[in-house]
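A quick write-up on the structure given underneath.
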Amino acid sequence: MFRFFTHFLLSLRYFVLLLLLAGCQNTPSNSSDLAVEINPELKQLNAMIRGIDQGYYGQIDSVLVVNRQRVVVEHYFGQQQRHNLHPIAGITHSVTALLLGIAIEQGHINSVNDPISLYLPEYQHLLVDGRERITIHDLLIMGAGLDWYEISPHPTTKINDHQLQRDSDDCIAYVLSQPFNQATRGQFKYSTGFITVLGVIIENATGESLPDYANRVLFAPMGIYHVGWGYLPDGKINAATGLGLRPMDIAKLGELMQQKGLWNDQSLVSPYWIEQTLSSHIVSPWGSDFGYGWWSLVMPYQESYLRIEQAAGAFGQRLYLLPDLETVIVFTGSNSQEQGESLTHAITTYVIPQFYHHSNEPLAIF
């Protein structure tokens, strides 16, 4: 009953945000969008669209497939249209990680190995009893050593910490006041709270609000002008799940990753940070490698192995990179639960077979 009620509240909040974002922008496409060359002969991808349309993957709102920097599939379902912003949920975490890397490159932050206490002067009184050793890296990889129950309810309160954080007077203080155990530092515990703290660290280090900083150093240079940010009840920016973007702009972020931080020959993010972002820093309880906001897996396919990089958010938000096939895939959704087949199934069943034999470069053999 608890899980149903909590999920109902989260779903309700999500759909309210979806309606607000859908109505807040009614702007045409801009000239910086990726080139679109829809190819009706891509039979595997057409079959995927039919499966989505029939509800096989739950409620999907859009799918974009970019191959070799050209959009070959751009399809919207239901009320979603190209100009609408869509909540991207946990993919926000991946964007915040990029902003952190830019802040480091610009000298606002020294290193991911810095203790977070250097950038949180207003919370020094909480960073004691071992918490003063928590680093930015620890927060990025969800391995801070702080007790946190987000996937499952807290054993005492029976409410998950995501909800308790939202209900607190100060969400940062709530996160940092959780019991610390040095023995569990470096062990994965999924926490949107950790990423909320990272958002405040970026703001304190740069002297700008996270939306202003993101617009200046990342979004505007990429021609991403229509952005929505959500805030937590205490007024803090929701750096973990609060961002809304057009699906086309999500795809552009995927291309930025594929091009190692380059956009129109301008380096927005250092290649080193892209490499670190996609590297495995920790293994989740589900066996997935986790980097700085990205999940990685290597899967066998015919005589080779393929890498799949994924930024993921609740309710069906996915940004996939297939670097071996020079392909980016975006899904946005409105699944009140994780309905239907896993979207990774769509990648392995339709997308990879479509492009595997069209890749001019030999695939990596690990």
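Keep in mind the model is a prediction, meaning the values are calculated, not measured. One-based numbering along the sequence shown.
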side-chain hydrogen bond (donor to acceptor under 3.5 Å, both in side chains) with [X]: which residues, sequence neighbours excluded?
{"X": "Tyr190", "value": "none"}
{"X": "Thr277", "value": "Trp273"}
{"X": "Thr192", "value": "Glu150, His162"}
{"X": "Thr348", "value": "none"}

Listed partners of [X] passing side-chain contact (heavy atoms from CB on, under 4.5 Å), at least two apart:
{"X": "Glu105", "answer": "Ser270"}
{"X": "Ser209", "answer": "Glu203, Pro211, Asp212"}
{"X": "Ala97", "answer": "Leu140, Tyr292"}
{"X": "Gln182", "answer": "Arg133, Phe180, Arg185"}

Flag yes if [X] and [Y] sit in one hydrophobic cluster, no otherwise; membership is Ile, Leu, Val, Met, Phe, Trp, Tyr, and two members link when side-chain heavy atoms are under 4.5 Å apart.
{"X": "Phe194", "Y": "Ile141", "answer": "yes"}
{"X": "Leu176", "Y": "Leu232", "answer": "no"}
{"X": "Leu139", "Y": "Tyr149", "answer": "no"}
{"X": "Ile195", "Y": "Tyr231", "answer": "yes"}
{"X": "Leu146", "Y": "Ile151", "answer": "yes"}

Could you tell me whether a side-chain N or O of [X] sits under 3.5 Å from a main-chain N or O of [Y], the two making a donor and an acceptor?
{"X": "Arg70", "Y": "Asn67", "answer": "no"}
{"X": "Tyr320", "Y": "Thr344", "answer": "yes"}
{"X": "Ser191", "Y": "Trp148", "answer": "no"}
{"X": "Asn204", "Y": "Leu120", "answer": "no"}
{"X": "Asp161", "Y": "Leu164", "answer": "no"}
{"X": "Gln163", "Y": "Asn160", "answer": "no"}
{"X": "Ser168", "Y": "Gln165", "answer": "yes"}
{"X": "Gln124", "Y": "Ser117", "answer": "yes"}
{"X": "Asp53", "Y": "Arg50", "answer": "no"}
{"X": "Glu309", "Y": "Leu322", "answer": "no"}

Exercise for the section: Could you go through the salt bridge (charged side-chain N to carboxylate O under 4.0 Å, His left out) check for Asp234 and Arg166 one step at a time? Expected result: CA-CA 8 Å; Asp234 69 348; Arg166 291 187 62 89; over 6 Å; no

Problem - Residue Tyr272 excluded, over 12 heavy atoms near OH under 6.0 Å - result: no

Locate the shortest heavy-atom distance separating [X] from [Y]; write the atom from each residue and the value.
{"X": "Gly333", "Y": "His86", "result": "O-CE1, 3.1 Å"}
{"X": "Thr349", "Y": "Pro353", "result": "O-CG, 3.3 Å"}
{"X": "Met248", "Y": "Glu74", "result": "CE-OE2, 3.7 Å"}
{"X": "Ala346", "Y": "Tyr57", "result": "CA-OH, 3.5 Å"}
{"X": "Ser279", "Y": "Glu275", "result": "OG-O, 2.6 Å"}
{"X": "Lys236", "Y": "Asp170", "result": "NZ-OD1, 3.6 Å"}

From [atom1] ([X]) to [atom2] ([Y]), nearest 0.5 Å:
{"X": "Ile308", "Y": "Tyr301", "atom1": "CD1", "atom2": "OH", "answer": "11.0 Å"}
{"X": "Leu297", "Y": "Ser288", "atom1": "CG", "atom2": "OG", "answer": "7.0 Å"}
{"X": "Asn181", "Y": "Gln187", "atom1": "CG", "atom2": "CD", "answer": "8.0 Å"}
{"X": "Ile352", "Y": "Leu306", "atom1": "CD1", "atom2": "CG", "answer": "5.0 Å"}
{"X": "Leu126", "Y": "Gln178", "atom1": "CG", "atom2": "CD", "answer": "10.5 Å"}
{"X": "Asn84", "Y": "His226", "atom1": "CG", "atom2": "NE2", "answer": "11.5 Å"}

Anything under 3.5 Å between a donor and an acceptor, one on a side chain of residues 257-266, the other on a protein residue two or more places apart or in another chain? List them.
from, atom 1, to, atom 2, distance (Å)
Gln258, NE2, Thr327, O, 3.0
Gln259, NE2, Glu255, OE1, 3.4

Problem - Distance-only side-chain donor-acceptor flag, Thr135 / Asn113, under 3.5 Å - result: no

Handout entry: The single option from Leu210, Leu319, Leu243, Ile250 passing side chain to side chain contact (heavy atoms under 4.5 Å, CB included) against Val95
Key = Leu243

Exercise for the section: For side chain to side chain donor-acceptor pair (under 3.5 Å), just list the numbers for Asp289 and Ser296, CA-CA rounded to whole Å, side-chain angles, deciding distance to a tenth of an Å, and then say yes or no. Expected result: CA-CA 5 Å; Asp289 289 333; Ser296 302; over 6 Å; no

Practice task
Begin with the C-alpha distance, continue with both residues' side-chain angles, and end with the deciding distance and a verdict on side chain to side chain donor-acceptor pair (under 3.5 Å) for Thr332 and Ser62.
Solution key: CA-CA 5 Å; Thr332 62; Ser62 71; 2.6 Å; yes

Problem - Aromatic ring proximity Tyr225/Phe219, centre distance under 6.0 Å - result: no

Problem - Centroid-centroid under 6.0 Å between His281 and His137 rings - result: yes

Hey, does [Y] have a side-chain heavy atom less than 4.5 Å from the side chain of [X]?
{"X": "Ile60", "Y": "Leu343", "result": "yes"}
{"X": "Ile91", "Y": "Arg318", "result": "no"}
{"X": "Ile49", "Y": "Tyr350", "result": "no"}

Practice task
Please work out whether the ring planes of His75 and Phe77 are parallel, tilted or perpendicular, with thresholds of 30° and 60°.
Solution key: tilted

Handout entry: Parallel, tilted or perpendicular: ring planes of Phe290 versus Phe188, cut at 30 and 60 degrees
Key = perpendicular

Practice task
Give the C-alpha distance, both sets of side-chain angles, the deciding distance and a yes or no for ring pair (Phe, Tyr, Trp, His ring centres under 6.0 Å) between Tyr213 and Trp229.
Solution key: CA-CA 13 Å; Tyr213 187 66; Trp229 282 96; over 10 Å; no

Exercise for the section: Quick one: list whatever passes ring-ring contact (aromatic ring centres under 6.0 Å, His included) with Tyr119, sequence neighbours left out. Expected result: none

Exercise for the section: Under the salt bridge (charged side-chain N to carboxylate O under 4.0 Å, His left out) rule, collect the residues that match up with Asp114, sequence neighbours excluded. Expected result: none

